[in-house]
Protein chains: 4
Amino acid sequence: MTRMKQSQVVSDVIRAAVELFALKGYANTSVQDIVSAAGVTKGAMYHYFESKDDLLFGIYDRVLSLQQAHLDAIIAEGGEVDDVLRAVCVDVLETSIEFIAEGTVFFRSMDMLSEQRRKEVVRRRRTYNDEFADLVRRGQREGLFREDIPVAVLIAHFFSDVHYLSYWYSEEKPADRTLAAVQITDLFMSSLRRSDVQHFSSTDDASLASHQAR
Amino acid sequence: MTRMKQSQVVSDVIRAAVELFALKGYANTSVQDIVSAAGVTKGAMYHYFESKDDLLFGIYDRVLSLQQAHLDAIIAEGGEVDDVLRAVCVDVLETSIEFIAEGTVFFRSMDMLSEQRRKEVVRRRRTYNDEFADLVRRGQREGLFREDIPVAVLIAHFFSDVHYLSYWYSEEKPADRTLAAVQITDLFMSSLRRSDVQHFSSTDDASLASHQAR
Amino acid sequence: MTRMKQSQVVSDVIRAAVELFALKGYANTSVQDIVSAAGVTKGAMYHYFESKDDLLFGIYDRVLSLQQAHLDAIIAEGGEVDDVLRAVCVDVLETSIEFIAEGTVFFRSMDMLSEQRRKEVVRRRRTYNDEFADLVRRGQREGLFREDIPVAVLIAHFFSDVHYLSYWYSEEKPADRTLAAVQITDLFMSSLRRSDVQHFSSTDDASLASHQAR
Amino acid sequence: MTRMKQSQVVSDVIRAAVELFALKGYANTSVQDIVSAAGVTKGAMYHYFESKDDLLFGIYDRVLSLQQAHLDAIIAEGGEVDDVLRAVCVDVLETSIEFIAEGTVFFRSMDMLSEQRRKEVVRRRRTYNDEFADLVRRGQREGLFREDIPVAVLIAHFFSDVHYLSYWYSEEKPADRTLAAVQITDLFMSSLRRSDVQHFSSTDDASLASHQAR
DNA sequence: GATGAATGAGTATTCATTCAT
DNA sequence: CATGAATGAATACTCATTCAT
């Protein structure tokens, strides 16, 4: 990224880019579209951004940094592991809803990032995921969370919801945001608990086998 | 989509297109790349496919049709609602893993479809989703599934996993496929059950409130 | 180079490119200028040429190949070393005059070639020069040519004339071409002879010293 | 050219420009490259130079003026024509070696000068050449130099060496500079002498004819 | 004097699609 | 059926130069 100083140009361009990329996709949005929508000239844009790719990276970078900072703060605060994990889940969902256009852009346009930058993003997401996984493992050690499902699957199960927001979430009232975050977190936490206390479980071998035969 | 199965050309082109689109993205793959990889000429490809867009639609069309057919067959077979829903979930996960490249392509390249075709895809996915939602609602009426979370959220919670497969799933052994499908289904079914039978739930109002205050 | 087949497009484009590059320089000639002058479309040009750089390389490549072939033929023919060298000199001068526009283009636009291609050109010119140098050394061994000046300087002294043609030569009559080639060759051969048989030479130490003192 | 010697900026910019133009070519060097290398800002540069073109002209102007002054001084000193001519040749070669980067820049980037400035340069070089030609003609009148080759060819023969320096000369020891100048001058003077006193010449009509037949 | 943000015209190149053969 | 040459519109990006501060 090359954002040198803060400038009206920079914020206008980013706003226009997020909006257009989310609406039409990165590949279908020309640099001309962006600068026209932002009301600046192409030259001005290239004064602040190295490339169209730079714009894309910058968009996600903001959200990634924010979420990482929140994660670190929540963990630093401490507490019971399921309360901490719940807080982390609610936060990442809420911020992902807040920056839902950015998420839409990113997940659909990963392919357009340069190799170098894709790697940088992957690295940073892995850092976040690893800290998240540590919380899950801590909960397992403390006997709160189920151990019959690999941690990788548990993690993917949660982040799939975060990722998928841009495909279905549409806000009607501001309150929806927190509500949705809490509901999804609740579903995740429900699925995370030890199942051995649920005596009505249908996941016994017999029922599985009957359907695996299809 | 134009004629299917008419020639070796068609299958070679589709195979090449899926592979390249999944690897580099639709926008970064030229028609020349595809025909070169398929070992056919550009003219031959345009004889069977109307456009590059047509190719993209065709790729997803195959999977959508297959999954819809499976869904109809499973429902027709009948049974207890949670067994039926479980079977549906396992099936859509298994077929999505089987055609994981197609899923990768589609979710990242929706933007590149023509308006008309995007609408057609949305229509067909909605049909599938509606039948899925009917199962969930039936389970709620029968007192099996929780009712404190909107059906739309429950549905999204499940399809997020399907969607997310292409971002994390990588097969090491063939058996992994079914195992992963079952594990994810299990997580979903766990989260779907009425929480009022789980006396240790932390989703009571007090705990929620404490974190919403952050 | 990518010239695939012979085509009217290829020859028209090359003709236009040579003319415009010689007239205005490579950097001042746009691809649009070339295709307009050639009466073809940009797309057609890029069907045959990879890049503007490719065009530049192709222009010089033709002359280099021709001169190398001539050199090999003349050497293969054999004869007294001064006759052979004289024939080589006349040939390279004549062909350089024939393709004077190509030479103009090349010497002024070397900088614009990609690194890889510049190296290829240097390699080929070195091959030519080495064979030329062998003739000079053979003449020295046979006692015909002076040995008081390094061979590298003698060689540069000759090729400087070839190179410089584009800066001063302008043909008025077709016969001028051979005449100029012979005259320049004659000057070179004169300067190449052993100076010890020229008793009126002013290159004795005294005269040299007097001017070195300036 | 605009003001000279007014500031550190001017000399830093010129030094950077010569270096970069010689290394990468005028067209491949941006004004930003130059000011960055010189450690000044763009605005500062444009305060002292009208344009990039102005920079190019300025570079050559320094050398042209210097060589013209030397020429006038040598001629004013008087002496035998071959001694004067020899001194002139050695001087132009030595100064061209001293300012070899400037020569490199100029000969390859003539095309980039504005029409007006190109004409100015041509005018000044013609002035130099005319005075040089006068010396050659005086030598011919005095019976020292050959008359079988047009004066224009003789002149071009000499200046080709000056021009070509940047293509082959690379200094290893400081003494090389004068040595090379003397050697090249020597070659030129050798070729300039009347050939009728050289009884072993192969440039008789018969030998010429035999090669013209190729 | 000096800055550096902004301009705007220009550049090479790509590529889905068409069509004469 | 199949070819591949040709189209032409679009695209990202560059850069010498200007000018308000």
Side-chain angles (χ1 to χ4, degrees), chain A residues 4-10 13 26-35 39-55 112, chain B residues 3 6-9 26-36 40-56 112, chain C residues 4-10 13 26-35 39-55 112, chain D residues 3 6-9 26-36 40-56 112:
Chain A
M4 291 159 190
K5 298 223 175 96
Q6 216 45 316
S7 136
Q8 187 67 22
V9 172
V10 168
V13 166
Y26 179 87
N28 286 327
T29 302
S30 71
V31 170
Q32 187 56 59
D33 289 341
I34 297 167
V35 298
V40 306
T41 63
K42 230 184 266 194
M45 191 211 96
Y46 276 100
H47 188 71
Y48 292 101
F49 298 93
E50 285 176 4
S51 61
K52 192 183 168 190
D53 175 280
D54 192 37
L55 220 36
M112 315 304 284
Chain B
R3 292 128 292 192
Q6 295 211 357
S7 124
Q8 185 67 21
V9 171
Y26 179 87
N28 288 327
T29 302
S30 70
V31 170
Q32 187 59 58
D33 288 341
I34 297 167
V35 298
S36 296
V40 306
T41 63
K42 235 186 256 194
M45 192 212 94
Y46 274 99
H47 188 73
Y48 292 103
F49 297 92
E50 286 172 10
S51 62
K52 193 184 171 191
D53 172 281
D54 192 35
L55 223 34
L56 180 60
M112 316 305 284
Chain C
M4 290 157 188
K5 297 225 178 91
Q6 219 43 320
S7 137
Q8 187 67 20
V9 171
V10 168
V13 167
Y26 179 88
N28 287 327
T29 302
S30 71
V31 170
Q32 188 57 59
D33 289 342
I34 297 168
V35 298
V40 305
T41 63
K42 235 186 258 196
M45 190 212 98
Y46 275 100
H47 188 70
Y48 292 100
F49 298 92
E50 285 175 6
S51 61
K52 193 183 169 191
D53 173 281
D54 192 37
L55 221 36
M112 314 305 284
Chain D
R3 292 129 292 190
Q6 296 213 355
S7 124
Q8 185 68 20
V9 171
Y26 179 86
N28 288 327
T29 303
S30 69
V31 170
Q32 187 59 58
D33 288 341
I34 297 166
V35 297
S36 296
V40 306
T41 63
K42 234 186 259 195
M45 191 211 96
Y46 274 98
H47 187 73
Y48 292 102
F49 298 92
E50 287 172 9
S51 63
K52 192 183 171 192
D53 173 282
D54 191 37
L55 221 35
L56 180 59
M112 316 305 286

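The shown structure was predicted, so the numbers you read here are calculated from the model rather than taken from an experiment. Residue numbers begin at 1 in each chain, while the letters A, B, ... track the order of the sequences.
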| How many angstroms lie between CG in C:Asp53 and OH in C:Tyr26, if you round to the nearest 0.5 Å? | 5.0 Å
| said: Working to the nearest 0.5 angstrom, can you tell me the gap between D:Phe49 CZ and D:Ile34 CD1? | reply: 9.5 Å
| field | Interatomic distance, A:Phe49 CZ vs F:dT14 P [rounded to whole Å] | value | 15 Å
| request: Give the rounded distance in Å between these two atoms: CD of C:Gln8 and P of F:dG4. | output: 21 Å
| remark: Separation between CD (A:Gln32) and OG1 (A:Thr41), nearest 0.5 Å, reads 9.5 Å
| task | Would you mind telling me which of E:dA6, F:dA16, E:dA12 lies closest to the side-chain atoms of D:Val31? | result | F:dA16
| Distance, rounded to the nearest Å, where A:Asn28 contributes CG and F:dT11 contributes P | 9 Å
| Considering all heavy atoms of both residues, which atom of D:Lys42 and which atom of D:Val35 are nearest to each other, and what is their separation? | CA-CG1, 4.0 Å
| task | Would you kindly compare C:Ala44 and A:Lys52 by the position of their nearest DNA chain F nucleotide and give the one closer to the 5′ end? | result | C:Ala44
| task | Find the distance B:Met112:CE to E:dC15:P and express it as a whole number of Å. | result | 12 Å
| request: Taking only the side-chain heavy atoms of D:Lys42 (C-beta and beyond), determine which of E:dA12, E:dA6, F:dA5 contains the nearest atom. | output: E:dA6
| query | Can you check the A:His47 NE2 to F:dT14 C1' distance for me, whole Å? | reply | 14 Å
| note | Any strand, both distances under 3.5 Å, Watson-Crick or G-U wobble: E:dA12 pairs with F:dT11
| field | Separation of atom CE in D:Met45 from atom P in E:dT3, rounded to whole Å | value | 13 Å
| query | DNA chain E: C:Asp53 or D:Gly43, which has the more 5' nearest nucleotide? | reply | D:Gly43
| said: To the nearest 0.5 Å, what is the distance between CG on B:Leu55 and CE on B:Met45? | reply: 5.5 Å
| query | Which one is paired to F:dA20, where only Watson-Crick or G-U wobble pairs with both distances under 3.5 angstrom count? | reply | E:dT3
| remark: The residue, A:Val40 or B:Tyr26, whose nearest nucleotide of DNA chain E is more 5′ is A:Val40
| message | Can you measure D:Asp33 atom CG to F:dC15 atom C1' for me and round it to whole angstrom units? | response | 10 Å
| query | To the nearest Å, how far apart are B:Tyr48 OH and E:dT17 P? | reply | 19 Å
| task | Name the residue closer to the 5' end of DNA chain F, choosing between A:Gln32 and C:Val9 according to the nucleotide with the nearest heavy atom. | result | C:Val9
| task | For the side chain of C:Tyr46, starting at C-beta, report the closest nucleotide among E:dT13, F:dA5, E:dG1. | result | E:dT13
